[in-house]
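Right, one structure below, let's go through it.
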Amino acid sequence: QVQLVESGGGPVQPGGSLRLSCGGSGFALLDGYSVGWFRQAPGKEREGVACINTRTGSLRFVDAVMGRFTISRDNAKNMVALQMKRLEFEDTGVYSCAAVKYGEFGCPLVSNEYDFWGQGTQVTVSS
């Protein structure tokens, strides 16, 4: 059974950092999948935050997190990490990872492009 599991969420103060991890179960997450991170704040639509194409190495970030978030792969752990720095109140939300076998060079930041989803992890930026 194909599963994605996120971890690493929690409360954090503005300006702080968090590292989220997305692990694959039942399949080789880093074997050519594009992995995206999405977030959904209360009352708002889900938005793509960052993605990585593990086949080509291509990365993408939404403008709001450019320069603050990085996405990387951990080959040894079969995981994709989202490192978040200088967190802002607006970064609060449920963060979910998703995966798809993507034929293009890049990776999509549109949720309906993805086939597999994790259950999400809450990130709360609060003072």
Side-chain angles (χ1 to χ4, degrees):
Q1 183 179 1
V2 172
Q3 285 186 319
L4 294 175
V5 179
E6 303 94 338
S7 61
V12 62
Q13 292 186 338
S17 300
L18 278 177
R19 180 181 174 90
L20 306 183
S21 294
C22 174
S25 175
F27 72 114
L29 179 63
L30 303 183
D31 185 19
Y33 282 85
S34 283
V35 178
W37 280 98
F38 293 78
R39 67 185 179 190
Q40 187 165 21
K44 294 187 177 181
E45 293 187 356
R46 183 163 55 191
E47 66 168 342
V49 174
C51 62
I52 179 171
N53 185 320
T54 65
R55 177 175 58 86
T56 66
S58 179
L59 310 176
R60 285 183 68 185
F61 299 90
V62 69
D63 287 347
V65 307
M66 193 78 69
R68 299 188 299 120
F69 290 11
T70 57
I71 187 170
S72 61
R73 57 188 291 170
D74 185 329
N75 293 336
K77 297 181 179 179
N78 192 37
M79 300 177 82
V80 169
L82 182 70
Q83 179 69 52
M84 306 185 294
K85 298 182 179 180
R86 302 198 308 275
L87 282 161
E88 304 169 355
F89 294 119
E90 292 76 16
D91 294 318
T92 294
V94 176
Y95 283 70
S96 302
C97 68
V100 64
K101 281 278 191 177
Y102 194 63
E104 303 294 328
F105 179 81
C107 56
L109 280 178
V110 180
S111 60
N112 62 13
E113 293 277 1
Y114 287 84
D115 294 327
F116 307 112
W117 288 84
Q119 81 288 349
T121 184
Q122 177 71 45
V123 172
T124 302
V125 184
S126 173
S127 56

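Just the heavy atoms: all of them, side chains too, but no hydrogens, waters or symmetry mates, feed the values below.
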Show the atom names and distances, to 0.1 Å, of all donor-acceptor pairs under 3.5 Å that link a side chain in residues 57-66 to residues at least two apart or in another chain.
from: R60; atom 1: NH1; to: C107; atom 2: O; distance (Å): 3.1

**Asked** How would you list, by chain and number, every residue that makes a side-chain contact (heavy atoms from CB on, under 4.5 Å) with T70, sequence neighbours excluded?
**Response**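 Scan of T70 (side-chain contact (heavy atoms from CB on, under 4.5 Å), adjacent residues dropped) gives Q83.
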**Results of side-chain contact (heavy atoms from CB on, under 4.5 Å) for V12 - residues two or more places apart only** =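 For V12 the side-chain contact (heavy atoms from CB on, under 4.5 Å) partners, ignoring immediate neighbours, are L18, L87, V125.
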Residues in side chain to side chain donor-acceptor pair (under 3.5 Å) contact with [X], at least two apart in sequence or another chain:
| X | answer |
| --- | --- |
| R86 | none |
| R55 | none |
| T124 | Q122 |

**Request:** Linking directly or through intermediates, with side-chain heavy atoms under 4.5 Å: list the remaining ILVMFWY members grouped with Y114, chain and number order.
**Result:**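 In the cluster with Y114 are F38, V100, Y102, W117.
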**Request:** Give me the other members of the hydrophobic cluster that V94 sits in, counting Ile, Leu, Val, Met, Phe, Trp and Tyr linked by side-chain heavy atoms under 4.5 Å, directly or via other members.
**Result:**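 The other cluster members (ILVMFWY side chains, heavy atoms under 4.5 Å, direct or chained): none.
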**Qualifying salt bridge (Lys or Arg N to Asp or Glu O under 4.0 Å) pairs, either residue in residues 6-29, two or more places apart** =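 Qualifying pairs: none.
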**Request:** Return each pair, listed once, that meets salt bridge (Lys or Arg N to Asp or Glu O under 4.0 Å) where at least one residue sits in residues 40-52; pairs must be two or more places apart or across chains.
**Result:**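 Output for this query lists R39-E47.
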Can you tell me how far the [atom1] atom of [X] sits from the [atom2] atom of [Y], to the nearest 0.5 Å?
| X | Y | atom1 | atom2 | result |
| --- | --- | --- | --- | --- |
| E113 | C51 | CD | SG | 10.5 Å |
| K77 | S21 | NZ | OG | 7.0 Å |
| I71 | L82 | CD1 | CG | 6.0 Å |
| W37 | L20 | CH2 | CG | 4.5 Å |
| S17 | F69 | OG | CZ | 9.5 Å |
| L4 | F116 | CG | CZ | 8.0 Å |

**Prompt:** Which disulfide (SG to SG under 2.5 Å) pairs, counting each pair once, include a residue from residues 11-40, with sequence neighbours left out?
**Reply:**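 Checked against disulfide (SG to SG under 2.5 Å) - neighbours excluded - the pairs reaching residues 11-40 are C22-C97.
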**Item:** V123-L109 co-clustered via ILVMFWY side chain contacts under 4.5 Å
**Value:**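 Each belongs to a different hydrophobic cluster.
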**Prompt:** L29 and V2: same hydrophobic cluster, using ILVMFWY side-chain contacts below 4.5 Å?
**Reply:**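 Yes; tracing contacts between hydrophobic side chains, which count when under 4.5 Å, links both residues.
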**Item:** Those residues that, when tested against E104, pass salt bridge (charged side-chain N to carboxylate O under 4.0 Å, His left out) (two or more places apart)
**Value:**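 Residues passing salt bridge (charged side-chain N to carboxylate O under 4.0 Å, His left out) with E104: none at all.
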Within a strict 4.5 Å, meaning less than it, do heavy atoms of the [X] and [Y] side chains meet?
| X | Y | value |
| --- | --- | --- |
| V80 | L30 | yes |
| R68 | D91 | yes |
| S126 | P11 | no |

**K85 side chain vs G67 backbone, donor-acceptor pair below 3.5 Å** =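 Such a contact is absent between K85 side chain and G67 backbone.
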**Message:** Is the ring pair Y33/F27 parallel, tilted or perpendicular, if the boundaries are 30 and 60 degrees?
**Reply:**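 Plane angle over 60°, so perpendicular.
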